[in-house]
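Please read these numbers as outputs of a predicted model, since none were measured by experiment. Residue indices begin at 1 and follow the sequence shown. Read the numbers this way: they start at 1 and go in the same order the structure lists the ligands and their atoms.
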Amino acid sequence: MARYELVKRSVALITLTNPPVNALSSAVRHAIAKSMECALSDPKVTAVVICGENGSFCGGADIREFAGPLKGPPLVPLLDAIEAGEKPVVAAIEGVALGGGFELALVCHYRIAHSKARLGLPEVTLGILPAAGGTQRLPRLIGISAALELITTGRHISAQEALKLGIVDQVTEQNACEVAVEFALRAVAKPLLSRRVSMPCKPREIRSAAVMGIKRECLHGHEQDLGMVPSLGTMGRGIAVCLARVGISVIAVESENKLLETGRQMVIGMLERDAKRRGVSASLNLLKFTISLQDLKDVNLVIEAVFEDMALKKRVFQELSKVCRPATLFCTNTSGLDVDALAGVTDRPHLVVGMHFFSPAHVMKLLEVVCGPRSSSETIATAMSLGKRMGKVRVAVGNCPGFVGNRMLKPYIDQATFLLEEGDFGFAMGVFRMSDLAGLDVGWRVWKESGLTGSDVDPENPPRRRQGRRYCPIPDMVCEKGRFGQKTGRGWYMYDKRGGTNAKPDPLIQILLETYRSKYGIQPHNISNQEIIERCLFALANEGFRILEDGIAARPEDIDVIYLFGYGFPRHRGGPMFYASMVGLERVLERLEHYHQAHPDVPHLKPSPLLKKLVACGSPPVQKWREHIKTMHSHL
Ligand SMILES: C[C@H](O)[C@H](C)C(=O)SCCNC(=O)CCNC(=O)[C@H](O)C(C)(C)COP(=O)([O-])OP(=O)([O-])OC[C@H]1O[C@@H](n2cnc3c(N)ncnc32)[C@H](O)[C@@H]1OP(=O)([O-])[O-]
């Protein structure tokens with residue numbers, strides 16, 4: 001199904017032989033995998049050429065196999081491995097390169113096409129989408145608009161058009177295979193990195209990882225009230241489950257035996273339930289539990305998921321630097337702390353990256369991969385590919401307080417609390433239910449640390465203002481009553497029990513609000529649904545525009561993915577940035593200006609310069625915004 005021969009003493013020529021169009025049947029995939037293995041392991045081979053017999057490169061997936069279950073090696077990992085290989089691979093395209101055949105060509109490092117060749121992704125005409133990386137690689141090669149056009153029409157293009165678009169490197173009138181062999185010989189000395197369309201950098205293979213979950217009590221000795229402190233062991237447990245179920249061996253670390261034992265039982269229980277649901281056997285043999293950091297000396301990667309406290313995290317990373325091999329990657333699971341500050345305390349800042357999981361980590365799809373200024377491309381690529389292996393929707397983001405998701409949440413929550421202060425309670429269900437679920441003490445602690453509240457801050461001097469801007473102390477007052485949300489059975493709402501999910505309005509909160517409003521002479525007024533939506537969502541999107549300007553997210557679509565997969569943004573609205581574009585940027589700008597005028601002490605309502613610029617340019621569609629953004633993070 002594929003012929004393997006050595007030509008010119010150093011080029012492995014792999015010829016697909018599956019008439020009539022060399023479709024990628026299971027036998028062909030198997031033969032390609034074997035041939036690539038030979039080529040990559042044979043020291044005589046310095047380059048590879050892939051071509052098809054009888055003047056046809058490859059017609060894509062073998063339609064004759066569509067009816068049955070998938071047999072043989074799956075196509076995607078096979079193609080990924082070709083792209084990731086360390087020897088240059090050249091596609092010699094004659095006849096057709098369609099569907100999976102085109103995708104095969106896209107993973108080759110160079111593409112030579114005969115002048116009569118035709119290329120395309122016709123999947124849409126079969127009612128499916130390109131499934132072997134075409135939707136990812138083609139946009140990276142030729143840009144989103146051109147790629148979308150080809151993917152959505154299924155149109156075949158000529159070799160000449162492919163050359164013009166930048167899909168092929170050379171068009172020839174001669175035998176494409178012979179030209180490709182010569183080309184391959186010249187490519188041997190050239191670096192491959194930039195030729196890998198999906199990933200300019202090859203990720204490391206991760207076989208073993210350590211997950212560290214250390215609860216808060218280890219920070220300052222034993223505190224009171226531990227029942228109320230969210231156990232960040234929860235995060236560590238979820239991450240350990242994610243790793244083990246995809247076959248990575250995991251060492252789970254806790255700080256003391258009792259916690260370790262609880263963790264062990266929970267992780268095993270979670271894995272067993274998960275395996276039962278999926279009808280497989282639980283991979284318990286991959287798990288090890290320890291309280292000794294020394295046990296981490298041989299792991300490839302560590303995911304630190306200790307309590308969200310900079311001092312504790314720094315201490316952990318200093319210790320890890322002493323214990324782990326110099327090449328071990330360090331990942332921090334933080335929801336907003338400075339990844340670079342952590343990198344700075346290690347002996348390997350280039351090997352440090354943020355992996356921001358969302359709770360519960362074994363369920364939530366989103367993963368923000370936080371690229372610090374010193375994180376190397378290989379480190380980022382490894383975190384991205386590990387996330388993919390764990391089944392996550394991954395978005396690479398820059399390093400700033402709160403990264404993308406949580407940074408945008410701040411103005412959104414602020415608006416909701418200001419609205420609560422001004423108006424009738426019971427409207428902004430989303431924000432308050434979410435806060436109850438996440439735990440109100442989390443934000444409270446952050447505000448205390450940033451000097452916005454706490455025993456050192458005089459709440460009345462001046463009242464309802466902090467650091468020169470409007471501040472609403474109601475969330476602090478709720479926390480001061482020990483109401484931390486669902487886990488304590490009381491928060492913005494009341495619940496039937498600790499950890500209960502059935503939220504009911506609580507008359508005590510109503511009383512608290514009435515007392516508060518009368519103390520400050522606030523006349524509650526009716527607030528329209530429109531104002532609630534506009535103030536919350538436009539403030540959210542406005543911060544998104546700032547994030548784009550700052551180069552913290554590479555594109556608006558990334559922000560939308562974060563909000564859809566991590567924050568429950570309604571799918572049919574497409575995410576905050578798409579929603580803003582649907583409403584119309586001009587209207588968003590006009591409303592923000594209006595609200596900022598009414599609330600000049602709320603800087604988040606001030607329209608961002610990028611929003612203004614986009615409106616001035618005639619409000620282009622979301623996919624064109626990138627052209628108007630100056631700063632681009634080098635890694636994203
Ligand atoms: C992972 C990936 O993302 C996804 C999931 C995929 O890849 S999905 C698959 C995508 N690929 C396609 O949709 C290509 C469909 N084929 C064509 O467009 C055309 O066939 C052609 C290639 C442009 C040639 O046209 P033609 O006019 O010169 O001759 P023909 O008479 O049509 O075809 C000649 C012979 O080849 C057979 N044939 C063609 N394509 C085939 C294919 N993909 N698999 C199996 N057989 C195929 C066809 O049945 C006929 O057989 P027989 O009747 O002689 O026994």
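Counting non-hydrogen atoms of other residues, nucleotides and ligands closer than 6.0 Å to CZ of Arg9 gives a total of 12 or fewer. Heavy atoms from other residues, nucleotides or ligands lying under 6.0 Å from CZ of Arg245 number more than 12. Taking a 6.0 Å sphere around NE2 of His156, one finds it holds more than 12 heavy atoms contributed by other residues, nucleotides or ligands.
Scanning Ala61, Pro20, Ser56 for the heavy atom closest to atom 9 (C) of ligand 1 points to Ala61. Between atom 1 (C) of ligand 1 and the options Arg64, Arg118, His156, Glu103, the minimum heavy-atom separation is to Glu103. Comparing Gly59, Gly154, Pro74 against atom 12 (C) of ligand 1, the shortest heavy-atom distance belongs to Gly59.
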- Start with the C-alpha gap between Lys71 and Glu65, add the side-chain angles, then the distance that decides, and say whether salt bridge (Lys or Arg N to Asp or Glu O under 4.0 Å) holds. CA-CA 9 Å; Lys71 280 195 231 121; Glu65 290 186 355; over 6 Å; no

message: One pair to check against salt bridge (Lys or Arg N to Asp or Glu O under 4.0 Å): Asp80 and Arg137. What are the steps and the verdict?
response: CA-CA 11 Å; Asp80 288 348; Arg137 288 190 176 93; 2.8 Å; yes

| task | Could you give me the CA-CA distance, side-chain angles and deciding distance for Glu627 and Arg555, then say whether salt bridge (Lys or Arg N to Asp or Glu O under 4.0 Å) is met? | result | CA-CA 10 Å; Glu627 295 160 21; Arg555 48 188 80 80; over 6 Å; no

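In this structure, Arg571 satisfies the cation-pi test against Phe565, with its NZ or CZ atom closer than 6.0 Å to the six-membered ring centre and inside 45 degrees of the ring normal.
A donor-acceptor pair is defined here as one N or O able to donate and one able to accept, closer than 3.5 Å; such a pair exists between the side chain of Arg389 and the backbone of Ile206. Ser10 places no side-chain N or O within 3.5 Å of a backbone atom of Lys44 that could act as its donor or acceptor partner. Not a single donor-acceptor pair under 3.5 Å links the side chain of Lys8 to the backbone N or O of Val181.
Between Phe569 and Tyr563, the ring planes are perpendicular. Angles over 60° get that label, and only those under 30° would be called parallel.
Proximity to Ile128 (heavy-atom distance under 4.0 Å) selects the following atoms of ligand 1: 5 (C). Close approach to Leu98 involves these atoms of ligand 1, each under 4.0 Å from a residue heavy atom: 18 (O), 22 (C), 23 (C). Of all the atoms in ligand 1, the ones that sit under 4.0 Å from a non-hydrogen atom of Phe66 are 8 (S). Residue contact check: Pro130 has heavy atoms under 4.0 Å from atoms 3 (O) of ligand 1. Listed by number with element, the atoms of ligand 1 under 4.0 angstrom from any heavy atom of Leu126 are 8 (S), 9 (C), 13 (O). Numbered from 1 in the order shown, with element, the atoms of ligand 1 that lie under 4.0 Å from a heavy atom of Gly100 read 2 (C), 6 (C), 7 (O).
Ranking protein heavy atoms by distance to atom 4 (C) of ligand 1, first place goes to Glu123 OE2, 3.3 Å. Counting only heavy atoms of the protein, atom 45 (C) of ligand 1 lies nearest to Asp62 OD1, 3.2 Å. For atom 47 (C) of ligand 1, the nearest non-hydrogen atom of the protein is Val21 CG2, 3.7 Å. At the shortest separation from atom 44 (N) of ligand 1 among protein heavy atoms lies Ile63 N, 3.0 Å.
Within the 4.0 angstrom cut-off, atom 38 (N) of ligand 1 has one or more protein heavy-atom neighbours. Counting only heavy atoms, the protein gets under 4.0 Å from atom 7 (O) of ligand 1. For atom 49 (O) of ligand 1, the nearest protein heavy atom lies 4.0 Å away or farther. Within a 4.0 Å radius of atom 25 (O) of ligand 1, the protein has no heavy atom. Of the protein's heavy atoms, none falls inside 4.0 Å of atom 16 (N) of ligand 1. Remark: atom 53 (O) of ligand 1 lies closer than 4.0 Å to no protein heavy atom. Contact annotation for atom 31 (O) of ligand 1: protein absent (non-hydrogen atoms, distance under 4.0 Å).
Annotation: Gly60 places no N or O atom under 3.5 Å from an N or O atom of ligand 1; distance criterion only.
Under 4.0 Å from ligand 1, not a single heavy atom of Phe102 appears.
Salt-bridge check for Arg546 with Glu549: failed, with every basic side-chain N at 4.0 Å or more from each acidic carboxylate O.
Residues Glu173 and Ser115 have side chains that bring a donor and an acceptor to within less than 3.5 angstrom of each other.
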